[in-house]
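Report on the following structure.
Quick caveat, the model's predicted, so the values are computed rather than measured. Note on naming: letters A, B, ... go to the chains in the order of the sequence lines (proteins, then strands), and numbering restarts at 1 for each one.
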Amino acid sequence: MPFRLSPPAILSLLKTCKTLRDLNQVHAHIIRRGCEQDHYLIAQFLTICTAAQPANVRYPTAAFNSVISPNIYLWNILIKIHCENAPLSGCFSLFRRMRKGGNVVPDKYTFPSLIKACSSVSALREGRVVHAAAVRCGTEGDVFMGSSLIDFYGKCREIESAWKVFDGMCVRNEVSWTAMMVGCLDCGDMDAAGKMFDEMPKKNDATWNAMIKGLVKLGDLVNARKVFDEMPARDAVSFTTLIGGYAKAGDMAAARFMFDQMDSKDLVSWSAIMSGYVQNGKPGEAVKVFGEMRDRNLKPDEFILVSLMSACAQLGSSELARWIESYMHEGPYDTMRPHVAAALVDMNAKCGDMARATKLFEEMPRRDLVSYCSMIQGLCIHGRGAEAVALFHRMIYEGVRPDDVAFTVILTTCSHAGLVDEGCRVFDLMTEKYSMSPSPDHYACMVNLLGKSGRVKAAYELIRSVPMESHAGAWGALLGACRSQGDVELGEMVAKRLFQVEPQNAGNYVLLSNIYAEAERWLNVSDLRERMSEKGLRKVPGCSYLDSTTPA
DNA sequence: ATAGGGTTAG
């Protein structure tokens, strides 16, 4: 390093930094030039450090630590960096360190980042401590402080506290009003939210978009669209929110219409339309959108690639899977991030490469619930039920708590593989150890499991005790089991219940009719046919999987 | 330098 750069030169060099290596070089210039105590330069350095390496708080912290007496400006930056990238405990120890020996007084810039860190993990107690500290420092009257507190209490579902802050503020702006309105929306209080929306003196894009999101969340797409249309200037967020709403409602035609109307699509909107297609079982469309995106020379981000991998898993295309993996290998993608790693495992398992899925799974730094489920399901698909059960227990042993989806996956696996005892044990585990109440899907799995092994009576006893309105699927599964076991008496009983719960479902009539037919009780068969036509029910014609891929 | 709005996996 032959030159001694002037501080302004260092600063302009700093702004070009991309990698840790670049930063190291600039840092060396700072030290060489003896600028380590230059507060302004160090402040810029910390900011750019974090922009380049968000997860790495050690480097900016080290640079900060070499400053002998950092001013409040520097402290605030470092605290913010920790609040956005490090565990809450670290943020608080830094805050304590500042208060004890920092020779500085926290100001109105110090607290909002701490509050935000608390709201991101719903740490109510800790947030109250910060609130109290801010009051002691006399900064509670600041608009930023008030707005972050409203957001915090809203996210912690402490709406009364949020109101108290809101009402106590002497100056409010759009952010304060919007945060309060979002608090009302999150509490499901649409009336209060609507009142806030109408009464607030000024709205900006975030306000309008928050209201659209609230309506979308309620499933009220008509009013969401109305607000969208009334909005003075719709931006990418407005479009994307509505696209997400249409996608969740299964209306991909409307989602696509919105998407096509956007004149400046950003990565998030591309991600939203792709995940919409994936959610609605249209993986081919998702892949097509990905192609359009690449035609425009846009670089996909991790969100988009996760959706693409999910689409690939649905297609089961090993060629595409290999392409995606090599594509990601060449780019700046972190395949160890939980969502990405889980998607990779799932894609490989569903595209037939269990060896690759296993390798990726075992190489993960920490295997999370979703990756475990992907692996268990993969083993199930490949007929390796016993290994799937073993993996499920390893997951629990590793301290990962199964949720309802995980239990559905493992129970389906047991049913698929005919592992009756194992399935029953898992079901007991769910209800006893984890005290979860089984969903209709769980009951349906158990009914299939017991039914397959001929224990239709046991299946009947299991679901008789739970309210049947919510368990039509399980009763349907039981009727199917009665059919395959040829149990006419139980079949009749089950069908009678189903006819009450789902009078429109022709499938139940057909199943019972088949049970009668197999028992050669033709009178009952024709009797049932008559009842069906009286109700105007017709069996929906079945079609093969191959036919269903090319719908009319 | 600080606060509010949209996208990801089983």
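Using a 3.5 Å distance cut-off with no hydrogens or angles, the side chains of A:Asp235 and A:Asn209 do pair a donor with an acceptor. The closest side-chain donor-acceptor pair between A:His416 and A:Thr413, if any, does not fall under 3.5 angstrom.
Residue contacts for A:Ala43: at a heavy-atom cut-off of 4.0 Å it reaches no nucleic acid atom on any strand shown. Within 4.0 Å (heavy atoms only), A:Leu74 reaches no atom of the nucleic acid at all. A:Ser113 comes within 4.0 angstrom of nothing in the nucleic acid, heavy atoms only. When heavy atoms are screened at a 4.0 angstrom cut-off, A:Ala343 is found touching no nucleic acid atom at all. Among the atoms of the strands shown, base atoms are found under 4.0 Å from some heavy atom of A:Val405. A:Lys108 comes within 4.0 angstrom of a nucleotide base, judged by non-hydrogen atoms across all strands. Using a 4.0 Å heavy-atom cutoff across all strands shown, A:Asp205 reaches at least one base atom of the nucleic acid.
Phosphate contact (OP1/OP2 of B:dG6, side-chain N/O of A:Lys213, threshold under 4.0 Å): present. For A:Ser374, no side-chain nitrogen or oxygen approaches OP1 or OP2 of B:dA9 to under 4.0 Å. Look at A:Gln279 and you won't find any side-chain N or O under 4.0 angstrom from OP1 or OP2 of B:dA9.
Every residue two or more places apart in sequence or in another chain that forms a side chain to side chain donor-acceptor pair (under 3.5 Å) with A:His131 is listed here: A:Tyr153. In terms of the side-chain contact (heavy atoms from CB on, under 4.5 Å) criterion, residue partners of A:Lys195 (sequence neighbours excluded) are, by chain and number, A:Glu199. With sequence neighbours excluded, the residues forming a side-chain contact (heavy atoms from CB on, under 4.5 Å) with A:Glu387 are A:Leu379, A:Arg384, listed by chain and number.
One interatomic measurement links the two molecules: CD1 of A:Ile304 to P of B:dA9, which rounds to 13 Å at whole-angstrom precision. Protein atom CD1 of A:Ile381 is 11 Å distant from nucleotide atom P of B:dG10, rounded to whole Å. Distance A:Ile115 CD1 to B:dA3 C1': 11 Å, rounded to the nearest Å. If you take CE of A:Met200 and C1' of B:dG5, they are 12 Å apart, rounded to a whole angstrom. Regarding A:Gln377, its CD atom lies at a distance of 11 Å from the C1' atom of B:dA9, rounded to whole Å. Rounded to an integer number of Å, the gap from A:His339 NE2 to B:dG10 P is 10 Å. As rounded to whole Å, 14 Å separates atom C1' of B:dT2 from atom CZ of A:Phe95. One interatomic measurement links the two molecules: NE2 of A:His131 to C1' of B:dT2, which rounds to 16 Å at whole-angstrom precision.
Remark: A:Lys203 qualifies as a cation-pi partner of A:Phe197 under the 6.0 Å distance and 45° angle criteria applied to the six-membered ring.
Nearest nucleotide to the A:Val370 side chain, out of B:dG6, B:dG4, B:dG10: B:dG10. When the nucleotides B:dA1, B:dA9, B:dG5 are ranked by their closest atom to the side chain of A:Asn76, B:dA1 comes out on top. Among the nucleotides B:dG10, B:dA3, B:dG4, the one closest to any side-chain atom of A:Thr178 is B:dG4. Side-chain proximity of A:Tyr73 to B:dA1, B:dG6, B:dG10: nearest is B:dA1. Comparing B:dA9, B:dA3, B:dA1 by their closest approach to the side chain of A:Ser310 singles out B:dA9. You'll find that the side chain of A:Val175 is closest to B:dA3, out of B:dA1, B:dG10, B:dA3. Closest to the A:Ala210 side chain, of the nucleotides B:dT8, B:dG5, B:dA3, is B:dG5. Of the candidates B:dT7, B:dA3, B:dA9, B:dA3 carries the atom nearest the A:Ser147 side chain, counting heavy atoms from C-beta on. Nearest nucleotide to the side chain of A:Asp301, out of B:dT7, B:dG10, B:dA1: B:dT7.
Taking only distance into account, the side chain of A:Asn173 meets the base of B:dA3 through a donor-acceptor pair shorter than 3.5 Å. With hydrogens and angles left out, the side chain of A:Asn204 and the base of B:dG4 share a donor-acceptor pair within 3.5 Å. Judged by distance alone with a 3.5 Å cut-off, a donor-acceptor contact links the side chain of A:Asp266 to the base of B:dG6.
A:Phe392 has its ring centre no less than 6.0 Å from the ring centre of A:Tyr397.
The pair A:Arg256-A:Glu292 counts as a salt bridge, with a side-chain nitrogen and a carboxylate oxygen less than 4.0 angstrom apart.
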Identify each donor-acceptor pair in which a side-chain atom of residues 36-49 of chain A lies under 3.5 Å from a protein atom, sequence neighbours left out, and give them as a table.
unit_1  : atom_1 : unit_2  : atom_2 : d
A:Gln37 : OE1    : A:Ile68 : N      : 2.9
A:Gln37 : NE2    : A:Ser66 : O      : 3.1
A:Asp38 : OD1    : A:Tyr40 : N      : 3.1
A:Asp38 : OD1    : A:Leu41 : N      : 3.1
A:His39 : ND1    : A:Asn71 : ND2    : 3.2
A:His39 : NE2    : A:Ser69 : O      : 3.3
A:Thr47 : OG1    : A:Ala43 : O      : 2.9

Show every donor-acceptor pair shorter than 3.5 Å between a side-chain atom in residues 142-150 of chain A and any protein atom, with sequence neighbours excluded, or say none if there are none.
unit_1   : atom_1 : unit_2   : atom_2 : d
A:Asp142 : OD2    : A:Phe144 : N      : 3.2
A:Asp142 : OD2    : A:Met145 : N      : 3.2
A:Ser147 : OG     : A:Val143 : O      : 2.8
A:Ser147 : OG     : A:Ser176 : OG     : 3.1
A:Ser148 : OG     : A:Phe144 : O      : 2.9
A:Ser148 : OG     : A:Met145 : O      : 3.0

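Within residues 237-265 of chain A, the residues having any heavy atom closer than 4.0 Å to DNA chain B are, in order of number, A:Val237, A:Thr240, A:Thr241.
In this structure, A:Phe303 packs face-to-face on the six-membered ring of B:dT8, meeting both the 5.5 Å centre cutoff and the 30° plane limit.
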